[in-house]
Amino acid sequence: MLLIDLARTSAAVAADSARLAKIRHLAELLGRVGPDEAEIAIAYLSGELPQRQIGVGWRSLSDLPEPRQIATATLGQVDALLERIKAQTGTGSQAARRELLGQLFGAVTRQEQSFLHRLLTGELRQGALDGVMIEAIARAADVPSAEVRRALTLRGSLPAVGAAALRGGVAELKAFHLEVGRAVAPMLAQSAASVTAALEKAGAPAAVEWKLDGVRVQAHRSGDDVAVFTRTLDDITGQVPELVEAVLGLPGTDLVLDGEVLALRPDGRPEPFQVTSGRVASRTGVASLRETVPLTVFFFDALRVGGADLLDLPDQERHAALETAVPAGLITPRLVTADAEEAEAFFGDAVRRGHEGVVVKSLGTPYAAGRRGAGWIKVKPRHTLDLVVLAAEWGSGRRRGWLSNLHLGAYDPETGGFVMLGKTFKGLTDELLTWQTEQFLRIAESPADGPADGPAGNPGDGHVVTLTPTLVVEIAFDGVQRSSRYPGGMALRFARVLRYRPDKRPEEADTVATVRAIML
DNA sequence: TTCCGACAGTGGGGTCGCAAT
DNA sequence: ATTGCGACCCCACTATCGGAA
């Protein structure tokens with residue numbers, strides 16, 4: 001199959017807003033693809049690469065050669081070139097990689113270049129990723145989509161699952177099972193504003209567990225072999241020796257456990273997320289790092305214990321199995337209750353101890369891997385501040401033509417100026433985007449003209465509009481982190497817009513001192 | 001007919017490892 | 001030694017479609 005076939009299908013998918021139409025386009029193409037190119041087609045059309053990462057981003061994709069007029073590149077050829085590009089990573093040869101990229105882009109037409117560019121930067125933007133592709137595979141292979149979904153959960157790779165479905169239908173899909181050593185798509189949580197609201201959604205009684213601010217881990221043990229995976233199924237076994245040892249210390253030898261790893265201070269309180277994140281990401285000097293920044297693991301779910309797969313069991317039974325396999329000290333603190341007051345108190349205690357909040361879990365739900373089912377609902381405390389809009393950036397995609405991303409500042413009474421604390425684009429409705437764009441253009445200092453029309457993904461120049469600091473906006477956020485990027489040495493974590501405060505003048509906004517007090 | 005679950009898009013801060021400067 | 005880039009850790013929120021109620 002030719003790459004142009006995929007580029008055309010992708011364009012058709014993008015052009016139709018109806019999901020059923022997108023599914024039809026994708027299924028039609030999957031019906032035509034040969035067995036040896038099915039995985040490539042599924043990967044590309046769901047926005048992934050079979051190689052996963054190849055060390056190419058938006059920067060490497062500048063200065064590309066002129067396109068050809070005639071489309072001849074096959075999926076196999078493109079895949080082979082990407083494989084060679086990946087092979088260049090870590091060899092110190094950026095030049096060789098650029099040469100190969102030039103070869104690739106020089107061999108395809110303009111439409112294919114555009115498709116490849118978006119694919120390689122992870123911005124396919126055709127309104128279809130895994131969720132739509134699952135339905136398309138189901139339709140093309142004439143199997144129930146639930147079977148595709150189940151297989152994806154257990155295998156973690158949609159191209160592999162899709163190719164199997166197209167090849168062997170339901171029979172081949174049913175052959176996928178939980179394999180120790182192969183990561184399962186982790187179950188995700190929805191969120192709620194309060195524990196009481198979460199309890200209502202989950203149905204009482206429910207389990208309430210501490211939400212720890214660390215890195216999600218899935219630990220597999222088969223005999224004396226242990227492997228540890230992250231949320232995106234990356235293997236981090238070598239970076240977390242404490243966790244490996246903890247799992248090897250368990251009596252069971254056939255285990256798959258779900259949990260969170262984090263750095264604790266000697267007094268037992270959690271380190272800031274930045275510390276945990278840096279430690280987990282470090283691949284060098286782990287032996288000495290574990291002395292200075294030791295990691296602790298807490299498990300909260302069990303997917304396999306003693307040779308039995310538990311995915312389809314209700315939460316309560318999986319947790320019972322977890323308790324038989326793991327000592328209490330390694331299990332995330334948990335309370336089962338129907339009493340909202342008791343649950344709220346548990347939440348308050350977790351937060352006072354420095355943790356992120358709680359996750360409320362419905363006792364009856366199976367391990368719904370890879371979906372944000374209503375089985376798990378997270379609750380976190382929320383801070384708010386009134387801050388001043390210092391600048392705004394022109395949006396992209398569906399936000400093109402709107403001033404979207406806000407630069408936020410706190411008031412500094414000593415200088416009469418404002419100290420930038422970060423940016424946000426979250427919480428804005430289309431109506432608010434329209435309103436603020438109009439307002440901003442009235443108080444714009446530079447440049448006041450339209451959106452920069454340069455090549456996409458070129459941050460930092462031309463698309464920032466500086467504003468006279470007059471508008472006050474109420475911002476919600478999860479916390480204040482240390483920052484080397486912003487002048488005040490602080491940045492907001494997960495900032496989002498709640499509402500504008502036309503009743504407040506900029507000098508009445510929250511001050512730098514207030515923000516610093518939250519950080520400490 | 002209305003409601004609501006699931007998805008995709010639109011970006012946020014921080015850290016590490018590597019290659020180029 | 002410093003800087004830029006790619007990848008990945010954490011993520012919130014709105015609009016939309018289409019099946020459920």
Gap between atoms CG and C1', on A:Leu428 and B:dG11 respectively (whole Å):
11 Å
Atom-pair distance (CD1 on A:Ile23; C1' on C:dC17), nearest Å
10 Å
Short side-chain N/O contact from [X] to OP1 or OP2 of [N], under 4.0 Å:
X	N	answer
A:Asn405	B:dG12	yes
A:Ser404	B:dG11	yes
A:Trp58	C:dG6	yes
A:Ser277	B:dC16	no
A:Arg216	C:dC10	no
A:Gln274	B:dT15	yes
A:Gln190	B:dA6	yes
A:Arg149	B:dC7	yes
A:Lys211	C:dC11	yes
A:Arg398	B:dG11	no
A:Arg485	B:dG14	yes
A:Arg496	C:dC13	yes
A:Lys378	C:dA12	yes
A:Gln53	C:dC8	yes

Heavy atoms only, 4.0 Å cut-off, all strands: where does [X] land among base, sugar-phosphate and nothing?
X	value
A:Leu432	nothing
A:Asp213	nothing
A:Val280	nothing
A:Lys380	sugar-phosphate
A:Val132	sugar-phosphate
A:Thr284	sugar-phosphate
A:Ala495	nothing
A:Thr429	sugar-phosphate
A:Thr276	nothing
A:Ala476	nothing

For DNA chain B, whose closest nucleotide is more 5', that of A:Ile134 or that of A:Arg279?
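Mapping each residue to its closest nucleotide by heavy atoms, the 5'-most match is A:Ile134.
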In terms of the nearest nucleotide of DNA chain B, which residue is placed more toward the 5' end: A:Gly397 or A:Arg283?
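Residue closer to the 5' terminus by nearest nucleotide: A:Gly397.
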Closest listed nucleotide, where the reference is the side chain of [X] and the choices are [options]:
X	options	answer
A:Ala281	C:dC8, B:dC16, B:dG12	B:dC16
A:Ser60	B:dA8, C:dG6, B:dG13	C:dG6
A:Val215	C:dA12, C:dC10, B:dG17	C:dC10
A:Thr230	C:dG6, C:dC11, C:dC9	C:dC9
A:Glu356	B:dG13, C:dC11, B:dA8	C:dC11
A:Phe425	B:dG14, C:dG6, B:dT10	B:dT10

Walk me through whether A:His463 and A:Trp394 qualify under ring-ring contact (aromatic ring centres under 6.0 Å, His included).
CA-CA 6 Å; A:His463 68 310; A:Trp394 289 106; 9.8 Å; no
Looking at A:Gln111, A:His25, A:Gln126, which hits side-chain hydrogen bond (donor to acceptor under 3.5 Å, both in side chains) with A:Ser10?
A:Gln126
Considering only heavy atoms from C-beta outward, does the side chain of A:Thr332 approach that of A:Lys211 to under 4.5 Å?
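No, side chains not in contact.
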Do A:Leu61 and A:Val56 come within less than 4.5 Å of each other through their side chains, counting heavy atoms only?
yes
Residues within residues 285-293 of chain A bordering DNA chain B, heavy-atom distance below 4.0 Å
none
Does a sphere of radius 6.0 Å around CZ in A:Arg482 hold more than 12 heavy atoms from other residues, nucleotides or ligands, not counting ones at 6.0 Å or beyond?
no
Is it true that, when you exclude A:Arg216 itself, more than 12 heavy atoms of the residues, nucleotides or ligands shown sit nearer than 6.0 Å to its CZ?
yes
Does A:Arg493 make a cation-pi contact with A:Phe477, if we ask for NZ or CZ under 6.0 Å from the ring centre and within 45° of the axis?
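No.
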Kindly indicate whether the side chain of A:Arg19 and the base of C:dC17 share any N or O donor-acceptor pair separated by less than 3.5 Å?
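Checked by distance alone, the answer is yes.
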5'-most by nearest nucleotide on DNA chain C - A:Leu20 or A:Asp430
A:Asp430
Side-chain donor/acceptor of A:Tyr367 to backbone N/O of A:Met187, under 3.5 Å
yes
Ion pair A:Asp478/A:Lys380, N-O distance below 4.0 Å:
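Yes, this pair counts.
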Do A:Arg279 and A:Glu242 meet the salt-bridge criterion of a basic N to acidic O distance under 4.0 Å?
yes
Need the pair for C:dG19. Rule: Watson-Crick or G-U wobble, both distances under 3.5 Å, any strand; none if unpaired.
B:dC3
